[in-house]
Amino acid sequence: MHKNTNISDLSISEAEAELKSLSSALNKANHAYHTADTPIVSDAEYDQLKQRNLSIETAFPELKRADSPSDQVGAPPADGFSKLRHARRMLSLGNAFTNEDVTEFDLRIRRYLGLGEQAALAYTAEPKIDGLSLSLRYEQGILIQAATRGDGQTGENVTENAYTIADIPKQLSNAPEILEVRGEVYMSHLDFTDLNSRQIVRGEKTFANPRNAAAGSLRQLNPDITRNRPLKFFAYAWGEMSAPLAATQSGAIHRLKELGFVINPLTQTHTTPQGLIDHYQEIERQRATLGYDIDGVVYKVDDLDLQARLGLRSTTPRWAIAHKFPAELAWTRLEGIDIQVGRTGALSPVARLQPVTVGGVVVSNATLHNEDYIAGLNATGGPIREGKDIRIGDWVQVYRAGDVIPKIADVALSKRAPDAKRFCYPTRCPECGSAALREESDAVRRCSGGIICPAQAIEKMKHFVSRSAFDIDGLGAKQAEQFYQDGWAREPSEIFTLRTRFSDGVQQLKNRDGWGGKSADKLFQAIEERRTIALGRFLFALGIRHVGEAASNLLAAHYGTWETLRQEIDQAGHLEGSAWDDLNAIDGIGAVMAKSLVTAFQQPLERASIDRLVAHLDIQAAERPQISDSPVAGKTLVFSGTLEKMSRAEAKARAEALGAKVAGSVSAKTDLLIAGPGAGSKAKKAADLGVETIDEDDWLTLIKAL
DNA sequence: TATCCTCGAGTTCC
DNA sequence: CTCGAGGATA
């Protein structure tokens, strides 16, 4: 041990070695503390080890280990939980509401895999527990981390709290060296009513439903409180693993049970969509007597190799779906309709309701979507509620779409007052009085005031500081609005001059409500840190219509630097020429996005605002992804004919993941043609052009060689 | 031109 | 979470 070496005297390799031994020592100490009741080090020694680890990490930030003890057990929850990045993303599921949706799910999978309707294909079906998902990381069989789902990429570190849940094993035997087990934390109905009566006795607030109780209990900063909350856990999935658990979903679940996890007893395997639907109905019959909340049934392709082939869409896997129970409905009275103005000027109507309980939550607002929705029309002008428009004073039926967003399902015409008037949708912006116009092809009416409109300006500022944009600690939506109202920051650039414009900016901030001296200092420090920003984030933060997070990152990757991007977009300003063509040629950028971007850069007011902002920033060039160790990286491929082992869509996704570009037709730029049976004109053209042609088996060999 | 998928922009409550 | 629209594709 180098315990006494001055940190400044450590060489890099010494520091690295010590971090490693500290990590191991701290993990062992944690384990002893939490599983056996015999701590192997004193609290003081433990704190010393941790402190030493932290000091070395501070001196050598580049050496900080992925499994750093600072991020794990006992991390000081100074202000909230520390964040943990999931080794593999935690996904959400697509939804099915009808039996047809389920059979369609089955057909979609068969199509994607190139399987006929008769080919054998097994699915698992299990109840969808209404709780919160949790990811547990075991190394050498020892529970070392527990993280909530968060946004799927990054969750909250609730390890200490997970230790207090009886259903969660602290130690596994015969488990893979690294194993992440995922499942649902929930509270039973009995425990929920019990907890609420105890809360009443203690004069503390009660929870609206078991789900909220479970969430509130898991997210306690003091694990001793969590310990006294009756939380339970069902395991149903996994993340990173050093070795596979089994070859099938059902096998893996079985293995989790053997490892000591609680799995749901209603988990079954079925080979037809009808089998799944029958099991769904059986679970629905048992729903009221299960003793815990469920909101549907989850179906998963059983074969894990097939799951891997099916892969993921942007946020959901193709191989699983949640068959939801019908939403709970409630009748209430519509007291009024308010109009909100969004960042792009969109006027959106919100229903003000007489408060009513729906699905365990009191709802007093609901979205009315747009003008047509109130009139009872769908996007194509057809009726959505059969001649039932919505009027103030009406009795309306409310549900929570996806158990979250309150919406209006129906109107009781029989109870409508005879003199109830149709809602008159405003044609002027209620915030700034500018004309509110609706384009022919558009479902929304928009305020034409642009940046003149305070509502739009505030929403723009909120967007600018939002999580995917500048994400400034201590400057959220609320503060952004307050700063705007006070005239402190009315456009993004002013955030970066706050401190200098007020000679005593810190002092002024400290003097106002809700701002301690510490939080003011922290805010200014956070602003300083954000002067350096990635190009993609910067572009997204500008809030240009049609240019969202994905498009911003595409543009950043294409142009590389802000300088290049600005010059090219300026040159594309005439909507023709090589810069314009280049912009439109980016995969994922079409004419509408391109025009919106170019126009935004040309608007004098908007452009000046962008230029003022840029002057305060250091915009980082985008990294270009290099997938150099793939044989098809950077090549242009074309698929033709019938592929027998995988679908076209799957082949394309695989090729793109390896860094190839997939084109639709053969040209002189084509590097490789993959031709299945029935490849006609494309194969001939390839031969004429001398393009290399291989069959599907060659292709599989080529990509499997990795 | 129709169809699929993904993205953007809107939304609630705790 | 959902709707509508943009973009890619057949």
Side-chain angles (χ1 to χ4, degrees), chain A residues 92-95 97 104 108 111-112 132 205-209 211-217 219 295 312-316 318 322 324 327 338-353 355-373 377-380 384 398-408 439 441-446 456 459-460 462-463 466 468 540 543-554 584-597 638-640 647-649 652-653 656 661-665 682:
Chain A
S92 49
L93 294 176
N95 291 323
F97 295 101
E104 219 169 83
R108 205 161 52 230
R111 227 178 304 147
Y112 195 95
L132 346 41
K205 69 160 186 128
T206 58
F207 295 98
N209 54 49
R211 189 185 185 286
N212 287 356
S217 301
R219 297 184 71 264
D295 56 2
L312 312 174
R313 298 221 299 243
S314 64
T315 59
T316 60
R318 284 195 192 82
K324 304 298 274 289
D338 285 354
I339 300 288
Q340 295 180 353
V341 181
R343 162 168 71 87
T344 60
L347 267 51
S348 31
V350 180
R352 303 298 175 202
L353 305 167
V356 63
T357 303
V358 195
V361 170
V362 178
V363 167
S364 43
N365 303 308
T367 174
L368 286 169
H369 232 252
N370 57 44
E371 205 168 340
D372 288 347
Y373 193 85
L377 304 171
N378 68 19
T380 49
I384 46 173
V398 183
Y399 70 104
R400 296 204 304 151
D403 274 335
V404 182
I405 312 288
K407 298 187 65 169
I408 288 174
E439 302 209 6
S441 59
D442 209 347
V444 298
R445 191 174 280 278
R446 289 175 202 281
Q456 286 191 50
E459 294 306 314
K460 271 201 133 150
K462 286 185 187 168
H463 173 81
S466 68
S468 313
F540 173 64
I544 296 164
R545 184 133 94 99
H546 302 300
V547 183
E549 199 174 359
S552 298
N553 288 324
L554 281 177
N584 280 275
I586 301 173
D587 199 4
I589 306 289
V592 176
M593 285 183 179
K595 187 159 178 238
S596 175
L597 183 65
V638 174
F639 291 96
S640 174
S647 74
R648 207 53 98 68
K652 179 169 190 275
E656 282 170 349
K661 187 167 164 38
V662 178
S665 60
K682 283 183 190 170

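Numbered from 1 within each chain, the chains take letters A, B, ... in sequence-line order. Not measured: the values here are computed from a predicted model.
When each of B:dT6, C:dT2, B:dA9 is scored by its nearest atom to the side-chain atoms of A:R343, the top-ranked nucleotide is B:dA9. Minimum atom distance to the side chain of A:H369 is reached by C:dG4, of the listed B:dC13, C:dG4, B:dA9.
Atom CD of A:E549 is separated from atom P of B:dA9 by 11 Å (rounded to the nearest Å). Computed from coordinates, the A:K205 NZ to B:dC14 P distance equals 9 Å when rounded to whole Å. Computed from coordinates, the A:I405 CD1 to B:dA9 C1' distance equals 12 Å when rounded to whole Å. At whole-Å resolution of the value, CZ in A:R545 and C1' in C:dA5 are 10 Å apart. Atom CD of A:E439 and atom P of C:dA5 are 11 Å apart (whole Å).
As judged by a 4.0 angstrom heavy-atom cut-off over every strand, A:Y399 is placed among residues making no nucleic acid contact. Within 4.0 Å (heavy atoms only), A:V350 reaches sugar-phosphate atoms of the nucleic acid but no base atom. Residue contacts shown for A:A208 are absent, as no nucleic acid heavy atom lies under 4.0 Å away. Among the heavy atoms of the strands lying under 4.0 Å from A:S364 are primed sugar atoms or P, OP1, OP2 only; no base atom is included. Among the atoms of the strands shown, only primed sugar atoms or phosphate atoms (P, OP1, OP2) are found under 4.0 Å from some heavy atom of A:A551.
The side chain of A:K407 places an N or O atom within less than 4.0 Å of a non-bridging phosphate oxygen (OP1 or OP2) of C:dC3. Side-chain nitrogen and oxygen atoms of A:R400 include none within less than 4.0 Å of the OP1 or OP2 phosphate oxygen of C:dC1. For the OP1/OP2 pair of C:dC3 and a distance below 4.0 Å, the side-chain nitrogens and oxygens of A:N370 include no atom meeting the criterion. Contact between the side-chain N/O atoms of A:S348 and the OP1/OP2 oxygens of B:dT11 is found at a separation under 4.0 Å. Residue A:Q340 has no polar side-chain atom (N or O) positioned under 4.0 Å from OP1 or OP2 of B:dG10. Side-chain N/O atoms of A:T367 include none lying less than 4.0 angstrom from OP1 or OP2 on C:dT2.
Residue-to-nucleotide proximity on DNA chain B shows that, of A:N212 and A:V341, the 5′-proximal contact is made by A:V341. Across the interface with DNA chain B, nearest-nucleotide mapping of A:P406 and A:R108 shows A:R108 to be the residue nearer the 5′ end.
The shortest non-hydrogen separation linking A:Y373 to A:I408 is OH-O, 2.8 Å.
For A:R343 (side chain) and A:G543 (main-chain N/O), a donor-acceptor pair under 3.5 Å exists by modelled atom type. Side chain of A:H546 to main chain of A:L597: no donor-acceptor pair is present (N/O by atom type, distance under 3.5 Å, no hydrogens or angles). With A:S596 contributing its side chain and A:M593 its backbone, the two residues share no donor-acceptor pair below 3.5 Å.
Atom CZ of A:R219 has 12 or fewer heavy atoms from other residues, nucleotides or ligands within 6.0 Å.
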